[in-house]
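One structure is given below, encoded as structure tokens.
A quick note: this is a predicted structure, and the numbers were derived from the prediction, not measured.
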Amino acid sequence: MVDAKGRNMKCLTFLLMLPESVKSRSSKSPKTASPSGSSKLPPVCYEIITLKGKKKKKMAADLFPAKKSPSGSSDGGDGSVTGTTVTGSTSSSSDSSSSGSGSGSGGAGSTVQQYHQQNLNNNNTIQNCNWQGLYSTIRERNSVMFNNELMADVHFLVGQPGGTERLPGHRYVLAVGSSVFHAMFYGELAENNGEIRIPDVEPAAFLAMLKYIYCDEIDLSADTVLATLYAAKKYIVPHLARACVNFLETSLSAKNACVLLSQSCLFEEPELTQRCWEVIDAQAELALRSEGFCDIDAQTLESILQRETLNTKELVVFEAALSWAEAECQRKEITLSIDNKRKVLGEAVYLIRIPTMALDDFANGAAQSGVLTLHETNDIFLWYTAANKPELQFASEPRKGLSPQRCHRFQSCAYRSNQWRYRGRCDSIQFAVDKRVFIAGFGLYGSSCGSAEYSARIELKRQGVLLGQNHTKYFSDGSSNTFPVWFEYPVQIEPDTFYTASVVLDGSELSYFGQEGVTEVQCGRVTYQFQCSSDSTNGTGVQGGQIPELIFYA
């Protein structure tokens, strides 16, 4: 089409036919209106948009301001994750035929109810004869079809018997969102059934996947994230699966690390597996004593027991294995007895490095547990005491554990008369890291007037919440060296968040103090940033003072 000035134009037109009510009225009017005697009115042509040929094409979202959906759904199409954060242990079945979910029935049930309420809202919306006009983007209009019976051409019976939900779907939308659904509905072996049974996926997880496919929204929670990951893997929805893994990595802690390790192996997620190992190695005692440890499968148990870098006493490993054996007896519905504990442990018991225990730990713990045979107990005692040591089936080399790293924030230290004195006041500093680390303790200065003993109360906080503490004593030899003071358990530190490290020292002697402090320190692959803390009441800051070292695992 060419305009009055000779410019090429592109014209987008719609032919809108008059409604029947107008036609009926026109048929009753005098026929003199048309020379041919026809009572029909011609169709009306409306020119909607005219764009120059060289202009960049725009989407509807660029042309019109987005309107809030009456369903209350978010308008963001960036795949942002919404939902709750994992705060406790997450349990799941280790059976590979299951959904792989640790979701609680209460949380999953409430999620299903939430989606059904959204379905009711959608149905209320479409009562409007021109509901499509309420939304400016195709994504918003598509969202109305989520979990909606309108135009549904397939139904899914999701969940195991007794908890099955009948969910509507639209073949075209599903096929666009998943290659598995495309093959199911349009492939050579396409499904022609109006109902499809899916017993191995939980309804809440299936709905979460549908919400992503229909609405481009990622809605995850601690109750459903593992089951949603299973669904995303099964139906090959990679971006949703990646979001699930990111959610799990963010919420990873010692309480759920063992369970997530088991699931990450099942789902073949090596990055998540590596993150789990980092937590288990650094916080081994907390991880092995968590409830989630008892829920892992036998293969994961063996991989943990033979781990070279577990940072804990062997007695803790032994006690954790016994706790797992009790849970396994209950899962197998067999009598909880010493013989059955040993039976379910099988060859895995020899992965416990019992000969590396302290003699007291062995004599008062493993030797009296009943799990070891008399012959094994006798041989291990001989291993401790005899010059001619017997051969053992148990591994006898101590675990290497983790080597702590030290972040030193001062370039020099000094001492002066009448400075640095404590009197029970607080020295504090704030820090942040760019990668997840585990703070195991602080390196502290000692007396500048000869050997002396100090009492130290160390604390680690995040936004005022106490994460770790310890009250102990340490001895300094009068040198300018730092002396380690440890937390009871290493504290997990997340990146890009400031934490407060504090110490209250009590000692009669003057102490060394740091000078020429720096705001940023590179320690291997981890970068530390420091800033002053309002909790510091004894003069410590970025440039000088106490807490010269942070001892950590990374």
Examine the side chains of Gln546 and Thr540 and answer whether a donor and an acceptor come within less than 3.5 Å of each other. no
Going by an N to O cut-off under 4.0 Å, is there a salt bridge joining Glu217 and Lys211? yes
Inspect the contact between Glu494 and Arg436 and indicate whether a charged nitrogen and a carboxylate oxygen are less than 4.0 angstrom apart. yes
Carefully, step by step, assess Trp383 and Phe362 under the rule side-chain contact (heavy atoms from CB on, under 4.5 Å). CA-CA 12 Å; Trp383 173 270; Phe362 172 73; over 6 Å; no
Could you list the residues that satisfy side chain to side chain contact (heavy atoms under 4.5 Å, CB included) with Ala363, not counting sequence neighbours? Phe381
What distance do Asn246 atom CG and Ser251 atom OG have between them, rounded to the nearest 0.5 Å? 10.5 Å
Do Ser533 and Ser536 pair up side chain to side chain, a donor and an acceptor below 3.5 Å, judged on atom types alone? no
Verify, without hydrogens or angle tests, whether Ser448 (side chain) and Leu510 (backbone) share a donor-acceptor contact under 3.5 angstrom. yes
In terms of heavy-atom contacts, Leu252 and Ala257 come closest through CD1-CA, 3.8 Å
Quick one: side chain to side chain contact (heavy atoms under 4.5 Å, CB included) partners of Glu302, sequence neighbours excluded? Ala348, Leu351
Taking ring pair (Phe, Tyr, Trp, His ring centres under 6.0 Å) as the cut-off, I'd like each qualifying pair that reaches into residues 534-554, sequence neighbours left out, listed once. Tyr528-Phe552
Closer than 4.0 angstrom, basic N to acidic O: yes or no for Asp216 and Arg139? no
Between Arg409 (side chain only) and Ile547 (backbone N and O only), is there a donor and an acceptor less than 3.5 Å apart? yes
If you compare all heavy atoms of Leu402 against all heavy atoms of Asn311, which two are closest, and at what distance to 0.1 Å? N-OD1, 3.7 Å
When rounded to the nearest 0.5 Å, the distance separating NZ of Lys313 from CG of Leu288 is 14.0 Å
Is it true that a side-chain atom of Gln283 and a backbone atom of Val279 form a donor plus acceptor pair closer than 3.5 Å? no
Between Arg275 and Glu269, is the closest basic N to carboxylate O distance under 4.0 Å? no
Check whether any side-chain N or O of Ser502 sits under 3.5 Å from a backbone N or O of Ser428 as a donor-acceptor pair, and report yes or no. no
Provide the closest heavy-atom pair for Gly446 versus Ser511 in the form atom of the first, atom of the second, distance. O-OG, 3.1 Å
CG of Asp219 to OG1 of Thr224: how many Å apart, nearest 0.5 Å? 7.0 Å
Within a radius of less than 6.0 Å around CD of Glu308, do more than 12 heavy atoms belonging to other residues, nucleotides or ligands occur? yes
Side chain of Asp506, backbone of Ser455: donor and acceptor closer than 3.5 Å? no
Parallel, tilted or perpendicular: which describes the rings of Phe530 and Phe431, with under 30° parallel and over 60° perpendicular? tilted
Checking side-chain polar atoms at under 3.5 Å, does Thr309 have a donor or acceptor matched by the opposite partner on Arg307? yes
Does Ser476 use its side chain to pair, donor to acceptor, with the backbone of Ser447 at less than 3.5 Å? yes
Ile304 and Cys258: which non-hydrogen atoms are nearest, and at how many Å? CD1-SG, 4.0 Å
The reported gap from CG in Leu266 to OG1 in Thr273 (rounded to nearest 0.5 angstrom) is 10.5 Å
For Arg242, is the CZ atom crowded, meaning more than 12 foreign heavy atoms sit under 6.0 Å from it? yes
Take atom CD in Glu271; do more than 12 heavy atoms of anything else shown fall under 6.0 Å from it? no
Crowding at CD, Glu488 (>12 non-hydrogen neighbours, <6.0 Å): no
ring-ring contact (aromatic ring centres under 6.0 Å, His included) with Tyr214: which residues, sequence neighbours excluded? His170
Determine the minimum heavy-atom distance between Val225 and Cys244, stating which atoms define it. CG2-O, 3.8 Å
Is there a donor-acceptor contact under 3.5 Å linking the side chains of Thr472 and Asn470? no
Which pairs count as ring pair (Phe, Tyr, Trp, His ring centres under 6.0 Å) when at least one residue sits in residues 273-320, sequence neighbours excluded? none
N/O donor to acceptor pairs below 3.5 angstrom from side-chain atoms of residues 319-327, sequence neighbours left out:
residue	atom	partner	partner atom	Å
Ser323	OG	Glu319	O	3.2
Trp324	NE1	Ile296	O	2.9
Glu326	OE2	Lys341	NZ	3.1

Measure up the Phe487 and Phe442 rings against each other and bin them: parallel (under 30°), tilted (30 to 60°), perpendicular (over 60°). perpendicular
Looking at Glu314 and Arg353, does any basic side-chain N land under 4.0 Å from a carboxylate oxygen? no
Check for a donor-acceptor pair, side chain of Asn142 on one end and backbone N or O of Ile138 on the other, with a separation under 3.5 Å. no
More than 12 heavy atoms of other residues, nucleotides or ligands under 6.0 Å from NZ of Lys400: is that the case? no
Assess whether atom NE2 of His471 is packed by more than 12 heavy atoms of other residues, nucleotides or ligands within 6.0 Å. yes
Using modelled atom types and a 3.5 Å cut-off, is there a donor and acceptor pairing between side-chain atoms of Asp281 and backbone atoms of Glu278? no
Any side-chain to backbone donor/acceptor pair from Gln263 onto Cys265? Under 3.5 Å, distance only. no
Ignoring hydrogens, what is the shortest heavy-atom contact between Cys413 and Tyr512? Give both atom names and the distance. SG-CD2, 4.4 Å
Could you measure the distance from the OG1 atom of Thr500 to the CZ atom of Phe498? Nearest 0.5 Å is fine. 9.5 Å
